[in-house]
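Below, chains carry the letters A, B, ... as their sequence lines are ordered, and counting in each starts from 1.
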Amino acid sequence: MDARRASRGAPVTDTVRVRFAPSPTGKLHIGGARTALFNWAYARRHGGKFLLRIEDTDPERSTKEYERAILAGLRWLGIDWDEGPDVGGPYAPYHQAQRIDRHRAAAQAMLARGEAYRCFCSHERLDAMRAEQEVEHQASAYDQRCRAVPLAEAERRAAAGEPFVVRFRVPQGSTSLVDHVRGDVTFQNAEVDDWIMVRSDGNPTYNFVVVCDDVDMRITHVFRGEEHLINTPKQVLLYRAMGAKPPEFGHLPLMLGTDRKKLSKRTGDTALQDYQEKGYPKDAVVNFLCLQGWALNGTQEIFSLDELVRNFDIADVSKAGAVFDIDKFRWLAGEYLRKEPIETLLDHCAPFAVSAGLVKAEELASKRAWLASVLAAEKERMHVYSDFPARIAYLFAKDDELPYEPDAEANARKHGTRAALLADFAAWLAPRLAAGEASASLRDAMKAWLQERKAKMPELLQPLRCALSGRAGGPDCFDMIAWLGPERSRARIASAVRRLA
RNA sequence: GGUCCCAUCGUCUAGCCCGGCCUAGGACACCAGGUUUUCAUCCUGGCGACAGGGGUUCAAAUCCCCUUGGGAUCACCA
């Protein structure tokens, strides 16, 4: 039966148990976040359990800081877990390093059963062997020399202190795995290396512990990146050797950089945190991540976490790698940003204005209404929260030193009447502002005023826009006047009369 | 190089499993027009793909084979 067919609808077997098993040796990779999301969605869709396990077996590079950041990142996305390092569960502990006794026992048992064997070959011999294989254009694999060492002799040599690793004894035949993304895949065992299960320092390796823990935690489905596909026959063989039923798999397409290679720092930000720090709305991140390899129905691009859960199926995930399209991501971010209620949006954007030095944190409360008014107008031009300070910086410039963008100044200078008209407008405007006339009313009055003078709108408004903001585009001029207030508006126009003369 | 995976617009994808509804749909980007005082938003339109070749079939983007191209992986890292 084709696995991709079989997975449609609710599984008829045991309760689904899936996991995400990050290694706390760095920030959460954006591809890892998607893997977590798909695993989580699958569990929620099928009423199963989603668990988190920390693969901290590399003590050199693992840190608690990274672990905390990874958990925080997942929570930020809206992913929760039923079992994990912080919430516990029936198969605790959920830190891989704490399960070492179990791993050692499993290795010992396999050694005793002959499923694994000690290998005493030196690094030098292994290196020489690899070099030779490379010359011969062969796959690099252990030549199985130590398979021939009798168990008794191996134990004697080990007891005598001779260093050794434990290798898996790959049987003959072929190995198939159930893959819900790709369809079933078969490998010839002759192509599978007698891989190392336990290092010479006694620590188990990834391929070994991941299977031990997945067996112990009753994992039913393993969905992970395609780079793991080639490891999978080793793991399937190990399940069998341990007397366990292998789970079903799903190897997710890689997320690619613009060079069509596995996404790396070379072609853009790779950490989830990078996007959080740049102010991408989290729902946009979730939505975009889903779009990399999965589609709701082919026409609806924007959907919620809830819609994902209701519609997600691992069999619908694409097989081909997806180039990370930052343009589409920014578009999506803008869509979500604009949908936010203004108060919420301000909460998200304000910190960026503070860190840019435009506003002091303690001023936030007193300036809140003003900032909200500005943001409500400027959000049309924003994609991510961090766009905010650059959008509003002109409001904080010194009035007589406002930088004019070249395009803005060029637009203003197209009009020969600019200085005179601006000066007249200033005289017209002053008493009205003093009287507290509202923006909408000013706008209408300005149109009538221009008509009397037989002047077109751009003739006034382009120089005025330059005077007020120094920018070629932006919000309505009378909104800007309202934000700046009478005195600063007057000062900026007066300054422009001189500077644009 | 060995092994494994993949192949629809520039990009993300729908369609493929269950061949006809496909003169291949949507979105981003791009281009043109409209709206706007400007930019942006918004609206309308345009550009643009079944990698190639063989089969099977009345009929193939859809099934099979080959070729080509791309990717992953080959650690006492996870």
Side-chain angles (χ1 to χ4, degrees), chain A residues 2 4-5 8 21-23 25-26 55-58 60-62 96 119 123 126 130 133-141 163 165-167 179 181-183 185-188 190-193 195-201 203 205-207 209-210 225-233 251 253-254 256 258 260-262 288 291-302 315 318-332 334 338 377-382 391 407-408 411 443 446-447 450 456-462 464-466 469 471-478:
Chain A
D2 187 335
R4 287 177 299 165
R5 298 294 324 140
R8 290 197 186 276
S23 173
T25 54
E55 309 227 315
D56 54 350
T57 45
D58 183 344
E60 300 291 306
R61 297 190 298 143
S62 297
Q96 194 157 61
C119 169
H123 283 283
L126 261 20
R130 272 192 214 105
Q133 286 164 341
E134 183 152 347
V135 173
E136 302 286 319
H137 291 307
Q138 290 173 327
S140 140
V165 299
V166 177
R167 288 185 183 272
D179 191 305
V181 173
R182 277 144 225 289
V185 183
T186 299
F187 293 81
Q188 295 305 312
E191 305 290 345
V192 181
D193 195 12
W195 52 283
I196 292 173
M197 294 168 48
V198 182
R199 301 185 185 93
S200 51
D201 66 2
N203 287 125
T205 61
Y206 167 76
N207 279 123
V209 292
V210 76
E226 194 197 333
E227 71 267 27
H228 287 287
L229 180 54
I230 210 144
N231 275 328
T232 310
H251 288 93
L254 258 17
L256 274 23
T258 44
R260 295 207 137 273
K261 290 188 170 39
K262 197 160 76 165
F288 179 72
L291 251 19
Q292 297 279 298
W294 186 78
L296 183 62
N297 53 29
T299 57
Q300 186 185 336
E301 306 285 327
I302 297 178
S318 315
K319 294 194 271 285
V323 173
F324 189 90
D325 184 355
I326 192 72
D327 283 333
K328 190 159 184 174
F329 194 6
R330 280 186 60 81
W331 164 77
L332 204 51
R338 256 166 254 124
E378 290 286 4
K379 69 175 184 177
E380 302 301 324
R381 279 160 287 271
M382 293 168 50
R391 293 299 339 160
D407 283 356
N411 285 344
R443 203 174 291 124
M446 174 272 297
K447 286 175 185 167
L450 279 179
K456 294 257 196 277
M457 299 251 273
E459 198 175 335
L460 169 67
L461 291 169
Q462 290 194 318
L464 181 58
R465 175 172 302 285
C466 179
S469 71
R471 310 187 64 150
D476 177 271
C477 285
F478 291 91

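A residue-by-residue look at A:Trp294 and A:Cys477 shows that A:Trp294 has its nearest nucleotide of RNA chain B further toward the 5' end. Nearer the 5' end of RNA chain B, as judged by each residue's closest nucleotide, is the contact made by A:Glu226, out of A:Gln96 and A:Glu226.
Looking at A:Thr205, its side chain has no donor and acceptor atom pair within 3.5 Å of the base of B:C76. Between the side chain of A:Arg381 and the base of B:C39, at least one donor-acceptor pair of N or O atoms lies under 3.5 Å. A donor and an acceptor atom sit less than 3.5 Å apart, one in the side chain of A:Lys328 and one in the base of B:C12. A donor and an acceptor atom sit less than 3.5 Å apart, one in the side chain of A:Glu301 and one in the base of B:G26.
A:Gly293 comes within 4.0 angstrom of the backbone, heavy atoms only, and of no base. Within the 4.0 angstrom heavy-atom criterion, no nucleotide atom of any strand lies near A:Val210. In this structure, A:Lys262 reaches the sugar-phosphate backbone alone: every heavy-atom distance under 4.0 Å involves primed, P, OP1 or OP2 atoms, never a base. At the heavy-atom level, A:Leu332 lies nowhere under 4.0 Å from the strands shown. Among the heavy atoms of the strands lying under 4.0 Å from A:Phe187 are primed sugar atoms or P, OP1, OP2 only; no base atom is included. Residue A:Ala295 is classed as a sugar-phosphate contact, given heavy-atom separations below 4.0 Å to backbone atoms only. Nucleic acid contact class of A:Arg465 (heavy atoms, under 4.0 Å, all strands): base. Looking at heavy-atom distances under 4.0 Å, A:Thr57 makes contact with sugar-phosphate atoms alone, never a base. Among the protein residues, A:Arg471 comes within range of no part of the nucleic acid, since none of its heavy atoms lies under 4.0 Å from any strand. Note on A:Lys456: nothing from the nucleic acid sits closer than 4.0 angstrom, heavy atoms only. The residue A:Gln292 sits close only to the backbone: its heavy atoms come under 4.0 Å of sugar-phosphate atoms, none of a base. Residue A:Asp325 is in base contact, counting any heavy-atom pair closer than 4.0 Å across all strands shown. In this structure, A:Val165 reaches the bases: a heavy-atom distance under 4.0 Å links it to at least one base atom across the strands shown. Residue contacts for A:Ser200: at a heavy-atom cut-off of 4.0 Å it reaches a base atom on one of the strands shown.
The nearest pair of heavy atoms linking A:Arg391 to A:Glu378 is NE-OE1, 3.3 Å. Closest non-hydrogen pair, A:Gly293 versus A:Pro253, comes out as CA-CG, 4.4 Å. When all heavy atoms of A:Arg465 and A:Arg471 are compared, the closest pair comes out as CG-O, 3.2 Å. Across all non-hydrogen atoms, the minimal contact from A:Phe324 to A:Gln292 is CA-OE1, 3.5 Å. Closest of all the heavy-atom pairs between A:Ala408 and A:Ala472 is CB-N, 3.5 Å.
With distances taken from any side-chain atom of A:Leu229 to the nucleotides B:A75, B:C5, B:U37, the minimum falls on B:C5. The side chain of A:Leu291 sits closest to B:C12 out of B:C12, B:A72, B:G1. The A:Gln462 side chain lies nearest to B:U38 when the options are B:A78, B:U38, B:U73. Considering only the side chain of A:Ala322, B:C12 comes nearest among B:C12, B:A72, B:A78. Picking from B:U73, B:C28, B:C5 the nucleotide with the shortest atom distance to the side chain of A:Asp327 gives B:C28. Side-chain proximity of A:Ala320 to the nucleotides B:C5, B:A78, B:A7 is greatest for B:A7. The side chain of A:Thr299 approaches B:G26 more closely than any other nucleotide in the set B:U41, B:G26, B:U11. For A:Lys319, the listed nucleotide lying nearest its side chain is B:C6; candidates were B:U73, B:C76, B:C6. Distance from the side chain of A:Ile196 is smallest to B:C76 among B:U37, B:C76, B:A29.
For the pair A:Asp407 CG and B:C39 P, the computed distance is 11 Å after rounding to whole Å. Taking atom CZ of A:Phe324 as the reference point, atom C1' of B:U13 lies 16 Å away to the nearest angstrom. Atom CD in A:Glu191 sits about 16 Å away from atom C1' in B:A72, given to the nearest Å. Between the CG atom of A:Leu296 and the P atom of B:U13 there is a distance of 14 Å, given to the nearest Å. Put simply, CG on A:Leu450 is 14 Å from P on B:U38, counting in whole angstrom units. If you measure from atom CD1 of A:Ile326 to atom P of B:G10, you get 21 Å, rounded to the nearest angstrom. If you take CG of A:Asn207 and P of B:A75, they are 12 Å apart, rounded to a whole angstrom. Between the NZ atom of A:Lys261 and the P atom of B:U73 there is a distance of 11 Å, given to the nearest Å.
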Criterion side-chain contact (heavy atoms from CB on, under 4.5 Å) on A:Leu332 and A:Leu291, from CA distance to verdict | CA-CA 11 Å; A:Leu332 204 51; A:Leu291 251 19; 4.0 Å; yes
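For A:Thr205 and A:Asn207, the side-chain atoms include no donor-acceptor pair closer than 3.5 Å.
Look at the C1' atom in both B:A7 and B:A51: the space between them is 7 Å, to the nearest Å.
Residue A:Arg182 has no polar side-chain atom (N or O) positioned under 4.0 Å from OP1 or OP2 of B:A7. Residue A:Ser318 places none of its side-chain N or O atoms closer than 4.0 Å to OP1 or OP2 of B:C12. For B:A40, the OP1/OP2 oxygens have no side-chain nitrogen or oxygen of A:Arg330 closer than 4.0 Å. In this structure, A:Thr25 does not reach the B:A78 phosphate: none of its side-chain N or O atoms is under 4.0 Å from OP1 or OP2. Considering only side-chain N and O atoms, A:Arg260 lies nowhere under 4.0 angstrom from the phosphate OP1 or OP2 of B:C6.
Here B:C74 sits opposite B:G1 as a Watson-Crick or G-U wobble pair (both hydrogen-bonding atom distances under 3.5 Å). In a base pair of the Watson-Crick type (N1 to N3 plus N6-O4 or O6-N4) or a G-U wobble (N1-O2 and O6-N3), with each distance short of 3.5 Å, B:A7 is matched with B:U68. Base pairing of B:C39: no nucleotide in any strand meets the Watson-Crick or G-U wobble criterion (both distances under 3.5 Å). B:C18 makes up no base pair with any nucleotide shown, lacking Watson-Crick or G-U wobble contacts both under 3.5 Å.
Under the ring-ring contact (aromatic ring centres under 6.0 Å, His included) criterion, A:Trp195 pairs with A:Phe168, not counting sequence neighbours.
Stacking of A:His251 onto the six-membered ring of B:C5 is not present when judged by under 5.5 angstrom between centres and under 30° between planes.
In this structure, A:Lys319 NZ and A:Arg182 CZ are separated by 8.0 Å, a value rounded to the nearest 0.5 Å.
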